[in-house]
Amino acid sequence: MPQVITRFAPSPTGELHIGGARTALFAWAYARRHAGRFLLRLEDTDQARSSEASAASMLRDLQWLGLDWDNADDVPRQSQRLALYHERIDKLMQADLAYEDDGAIRFRMDRPIAFDDAVYGRVSIEAADLEDFVIRKGDGFPTFHLAVVVDDADMGVTHVIRGQEHLSNTAKHAALYDALGYDRPVWAHTPSIMNPDGSKMSKRDKAKAARAAALKQGAAGGVFEQKDVQAFLKKENDDPRIAARVADGLGLALPEIEVADFRRSGYLPGVLLNYLSLLGWNPGGDVERFDLGFLVEHFGLERINKANSKFDRDKLKRFNFDTLMAMPEAELAAKVKDHLAAQHPAFTERFDDGQLARFVAMYRERAQTLDDYAAAGRFFVEPPTEYVEKAVKKNLTRNDNEGLGVLRRFSETLAALDGWEAPALHAAIESFVQQHGLKNMGAVAQPLRVALTGAAVSPPIDQTLELLGRDETLDRIRRCLEALT
Ligand code: GLU
């Protein structure tokens, strides 16, 4: 048996899509399972749409996922291999298997052909459905069909594992393999990943979501007057960058579609891969949670499904939450720290490691993703700029500004307090409640919460105060009193 060689061959025309990551994962796992090689290749013959930035981001995302490739020193780019393609095209011309037509070159697809797919089974193309197809375009560039076959053969690829959208191209590829005298590889096409509504999961989903929200909410901010946004709203394009701007203007979170989106949302790469591996494959039995080591041990083409799979965000969230909960505290704190440092540096600028550990402990039971920490604890790094009206009424201004009075007097207690640790703060609140004949701790804690966060929710008030620090706490109380009296 020759060594197994698989590859992932993205076109660098955007960011790495979650479906691409799943395809890469299967190709990687198959190579690792068989002690083979997993290679990367950049299919950048579409010069207008390909970019260096996209290529770099794809490599970065694969790295983040932990899918290592074995040709890191020399990742082939199709744009640099034109001589090779031309040589093979000449060979086909000389054998009269291809001919010139209007400046392009076409391959003669004149015999019925069949191939076997490891997932979809035998596929046959009847004589009536055969059509000569272009292998070199008028601009001199090879087409995808020619380049993919020449490259896979040249790189010794034994197993072509790729998205199901290429199944219909594969008869052409099989014919080219035969005509060029190459051994055919094993083909395995993977089912598509669908949204819950049955549409294919695609980066256009972001545009759809942004547009729908924009139309529903009407004008928001200046974004809508911009020309490109106007065109976007009229469905003239689906540019994800415009979608992001519109979403920003509306305070809307777009659905995660690309790997980078999931990273920014704070999913763990191992969890994402675990979940992705279940889209179109399963290890049998009831086993659902596993690591890459398990996948490598169990992965095989025979358990890939034909049926498309649905992307279930809630399930992914549960996987992520359970994994975060199961982590030793120090490991979790380190993960949160890395995430915050990369995505929300205000937190790591403000908190030292000890404070960060306490911050993580406060939100641990509720944070489903690493980014939930930043969302829930935002007020620690950003003082409130406004106060929720309902919370103000209920906790500060009701009964002739009772809460504001509590705040004013308690801030004097806080200013004079010895020490600033949670137990001392807790005791201070308790004795203040007794001294002033208040109902309960909430009579102090709720006014504090509004002043410190802008709303009436926070972790236990003593811990919140401790972490916020004395100066910041007193400052925020002062500003709240100024704003409301
Ligand atoms: N560049 C192709 C794509 O991104 C890959 C085709 C293949 O894997 O053969 O869809």
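Atoms within each ligand, like the ligands themselves, are counted from 1 in listed order. Small disclaimer: the values here were computed from a predicted structure and weren't measured.
- If you number the atoms of ligand 1 from 1 as listed, the ones under 4.0 Å from a heavy atom of Val148 come out as 9 (O).
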Test Gln164 against Asp117 for side-chain contact (heavy atoms from CB on, under 4.5 Å), laying out the working first. CA-CA 11 Å; Gln164 183 258 339; Asp117 185 87; over 6 Å; no
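- In the model, Thr170 has no side-chain atom that pairs as donor or acceptor with a side-chain atom of Arg184 under 3.5 Å.
- Annotation: atom 10 (O) of ligand 1 to nearest protein heavy atom, His166 NE2, 2.8 Å.
- For atom 5 (C) of ligand 1, the nearest protein heavy atom (residue, atom name, distance) is Ala9 O, 3.2 Å.
- Using modelled atom types and a 3.5 Å distance limit, the side chains of Asp312 and Tyr275 yield no donor-acceptor pair.
- With a heavy-atom cut-off of 4.0 Å, Phe8 does not touch ligand 1 at all.
- Near Ser11, with a cut-off below 4.0 Å to any heavy atom, the atoms of ligand 1 are 1 (N), 2 (C), 3 (C), 4 (O).
- Taking only nitrogen or oxygen atoms, main chain and side chain alike, Val160 does not reach within less than 3.5 Å of ligand 1.
- Relative orientation of the Phe380 and Phe351 rings is perpendicular, given thresholds of 30° and 60° on the angle between their planes.
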Test Phe299 against Trp281 for side-chain contact (heavy atoms from CB on, under 4.5 Å), laying out the working first. CA-CA 8 Å; Phe299 187 76; Trp281 179 81; 3.7 Å; yes
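- Here the shortest heavy-atom distance to atom 9 (O) of ligand 1, taken over Glu165, Arg7, His173, belongs to Arg7.
- In this pair, His298 and Phe294 present their aromatic rings parallel. The plane angle is below 30°, not in the 30 to 60° band.
- In summary, the atoms of ligand 1 found under 4.0 Å from a heavy atom of Glu43, numbered by their order in the structure, are 1 (N), 2 (C), 5 (C), 6 (C).
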